[in-house]
Every structure is written in C-alpha cells, then in structure tokens.
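Model, not experiment: these values are computed from the prediction. Residue numbering restarts at 1 for every chain, and letters A, B, ... go by the order of the sequence lines.
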Amino acid sequence: MTDRSDLELVRLFQNGDESAFNQLVLRYQERIYWVARRFVSDHEAADDITQDVFVKAYESLRSFRAESSLYTWLYRIAVNIALNALRRQKVKEFFRIDELFEAEDTGTEAPDEAVEREEDRALIEQAIARLPNKQRSVFVLRFYEEMPYEEIAKILKTSVGGLKANYFHAVRKIQEYVRRAHGPR
Amino acid sequence: MSDVHTDHVEYLLPDYVNGKLEEGLNEAVESHLRSCASCRLEEERVREAVLFLHAERSTVPGPSYFATILPRVRQRLEHTGTRPVFSRPPVSTPSRLVGRLALPLAAAAVAIALLLQFPIVPGESGSHLNSMKLAVGDLSSDDLAQAVLDESRQHPFVSALGDREVAAAVPDRVVEQHLFTHDFYSQVAEATGPLFDLTPSQAIEGLSDSEIDALLQRLAERAML
C-alpha cells in the first residue's frame, strides 16, 4: 500500500478502502502541518488546521477528479483553512481591541543565545503575520515548501504572472520589519 | 543568455539568493548586478532577509506528535459521524446566531448612516434616537445583514467616523473615552479590513457561545452613539 501512487490510493478509497485514506494522511501529514504552521505560527493552531484539512479531505475525496494533483488539492485546502483561521483570529482580536494599546515588553536584560533565537523566531512570525494574505501564501509556499510557481498558481487559483513580485515584496517586508526591530547596528 | 529587464530583476532576487533561479537566468542577473548599484543594494537586503530566515528554527513538535494525527483525525470523523458521501446534507447555517450578530452589526451601520444624514443637534437627541429605532425596526434580519455589508462597502467604519460632520455629532462621552482618536482609527482600519470582507456567518464561524456573547456585548456598546 505504501508504494502506491496518490491517484491509486484515491481510487482505492473511492471504492471503499478506508486504509487508503490512512496512507494519504501518513504521506502528507508533515507537509500539511508545516504549511499550516507557517501561516498561524503556533503549534496548537497548526494542529487544529492539520486535522481540519484531513477531515475536509475525507469528506470531499469521493468527488476528487484528478484535475490537479492530490498534492495541489490538499495544499489548496490547507491554505484556505489557514486563511479562514487567520480571519477568525482577526475578528477576535478586533473585539479585544483594548489589548492593542498595551505596551509591549521590550525587556532590559541582555538575552542569552537561546532567548535571542526565540526572539528572532518570534520576529519572523510577526513579520510573516503582517504580510497581506496573498504575499503570505506565496512566501510560505515558495520559501518553505519550495514549490514551483506553476504549482503555487494552481493552489491559489491565480496566474503565474505577478507571483515573483509577490514573493519579492514579501521578502523585503520581512527584511524591513526585522531590521526595524533590531534597530541601528 | 536571457535578457533581463531592469524592472524585473528585483523580482528574481529572492530566488537568485536562494539558488532557485531557472537555468540561464543566474548569469543574466549576475551580469546586471555588476552594472546596477540600486539592484545590488536590493540584493543585499534580500540576502539579509534570506539568511535570517534560514537561521530561524521553529520549535519542532516532539517526535511522537506526527504519530497522533491520524488517530485523532479518525476520532473526529467517528465523533461527527462523517461519511465520504458524494452529496452531503447542507451545513446548517447557525441562523439564530447570524440573526443575533446581524442585528447589532446592522444597527451600528445604520446608526452611522443616519448620523451622516441627521447629525445630532443638542436638544433633539430623543427624536433622533426614535428615528433610528424606527428605521432599524422596519428591517428584517436578512435586510439588516445586507445593510451591514452594503454600508461597510460604501461608508467604511473608519472613514465615516473620520468625517468632520459625524465627528461633531458624536456625543462628548464617547470622545472622552478616546474611542475615536486617530490611532484608534488606524488600529480599527487595520483590524477590520478583513472583517468587512466577511459575511456575518463567516465572522462568527468557529466562535463559542461565550465568545459570541462577549462580541455582541461589545457591538451593543459601540452601537449606543
């Protein structure tokens, strides 16, 4: 079963073989998790999204017609669910708007190496979170997933033209955000 | 060697720095960078970002985490009784909850629209409030929800409240609470951009009952202009 192609597993599942679906989950769970993680930054949210993706896939796989690869189809579901999660987070944050005025703790102690790495990680997450949805999607799929632009275009249901510009602007915004956070050196 | 236009070179830089450019473009980009100082500066900035990104290591879940995904997915499927059928019963829209949310949202939007047309004049606030109540009371829940969406497209919350006529009509007690400062506008604009792209059902999807109650309370507070 583990040597079967995605399409073979899908056909088996569509013919009633539940274990074929299990194989698909095992095959893609890490990749889907990391895509989700790059969008929402924290493990718990990424875990929820990952499960949502495979539940959605289970519900919809019977009507999958291989017009795109399964890989593209799953990624599209993951991106959509991740963006919806981000929208819900925005709604919650809007109605807790008082917290936006709380001063950030800038810290005064010199961080040790582990803390500095954690701060850098948080900086990157913040920078990515500030990107517009399309730039964020293109950045995550190109930089972390190393997808070809043609695949990204299929996942995002957009044309290839402009994706390189999205990617460039995303990288520059991240660079600018991190540079401002670090201050003059 | 491919011809690379100056205004397209910068879009190639992230892939160039990452070594992901298509064959033939690398040399073209390098040749261009030798002769273009502004692109060299951009390349430096992109390289700075890419190095920083590559150095980052996200907190990796424990080794046993991925082994738990399939069992939990299966558990959820069993719990919800999900079956891989071709056509499923339509997901019931939580119409009760949509109705609960649409009314305060629409009331706020209609109140803003009415304020724009009927600025509050001291001594006439009672009749003004009655006019608003009448206007809201005549609409159905669906109409109110649609009014929210229409109103948000035509009169975005921030720009409506930034209008001098409306600002003058806002009661002093609200101004005293600093709800309508410029910073607040900026924060709201940033936070509600996506909000106004949502339908009411999308906005509340996934929220618990207690979260919806808190949200309705905040909306009611804001609708009391």
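Every residue meeting the ring pair (Phe, Tyr, Trp, His ring centres under 6.0 Å) condition with A/Phe21, not counting sequence neighbours, appears here in chain and number order: A/Phe13, A/Tyr58. A/Asp6 is linked by a side chain to side chain contact (heavy atoms under 4.5 Å, CB included) to A/Leu24, A/Arg27, A/Tyr28, A/Leu70, counting only residues two or more places apart in sequence or in another chain.
Contact check for B/Arg76 versus A/Phe54: no side-chain heavy atoms found under the 4.5 Å cut-off. Contact of the A/Phe143 side chain with the B/His54 side chain is registered, since non-hydrogen atoms from C-beta on lie closer than 4.5 Å. Between A/Phe168 and B/Leu12, every side-chain heavy-atom pair lies at or beyond the 4.5 Å cut-off.
Remark: the B/Arg74 side chain and the A/Asn22 side chain contain an N/O donor-acceptor pair separated by less than 3.5 Å. A donor-acceptor pair shorter than 3.5 Å cannot be found between the side chains of B/Tyr11 and A/Asn166.
Of residues 169-176 of chain A, those residues lying under 4.5 Å from chain B by any heavy-atom pair are A/His169, A/Val171, A/Arg172, A/Ile174, A/Gln175. Contacts between residues 146-158 of chain A and chain B, defined by a heavy-atom separation under 4.5 Å, are made by A/Glu146, A/Tyr149.
When each of A/Ile128, A/Ile124, A/Leu123 is scored by its heavy-atom pairs under 4.5 Å with chain B, the top score falls to A/Ile124. Heavy-atom pairs under 4.5 Å with chain B were tallied for A/Asp52, A/Leu26, A/Leu163; the largest tally goes to A/Asp52.
Using modelled atom types, no side-chain atom of A/Gln51 and backbone atom of B/Ile69 make a donor-acceptor pair closer than 3.5 Å.
With respect to the salt-bridge test (charged N to carboxylate O, under 4.0 angstrom), the residues B/Glu10 and A/Lys164 do not qualify.
Here A/Arg179 contributes atom CZ and B/Phe52 contributes atom CZ; the two are 12.0 Å apart, rounded to the nearest 0.5 Å. Rounded to the nearest 0.5 angstrom, A/Tyr167 OH and B/Asn18 CG are separated by 4.5 Å.
Using a 30° and 60° split on the angle between ring planes, B/Phe66 and A/Tyr33 fall in the perpendicular class, above 60°.
Looking at A/Phe139, only its side chain comes within 4.5 Å of chain B, counting heavy atoms on both sides. Heavy atoms of A/Asp47 lying under 4.5 Å from chain B belong to its backbone as well as its side chain.
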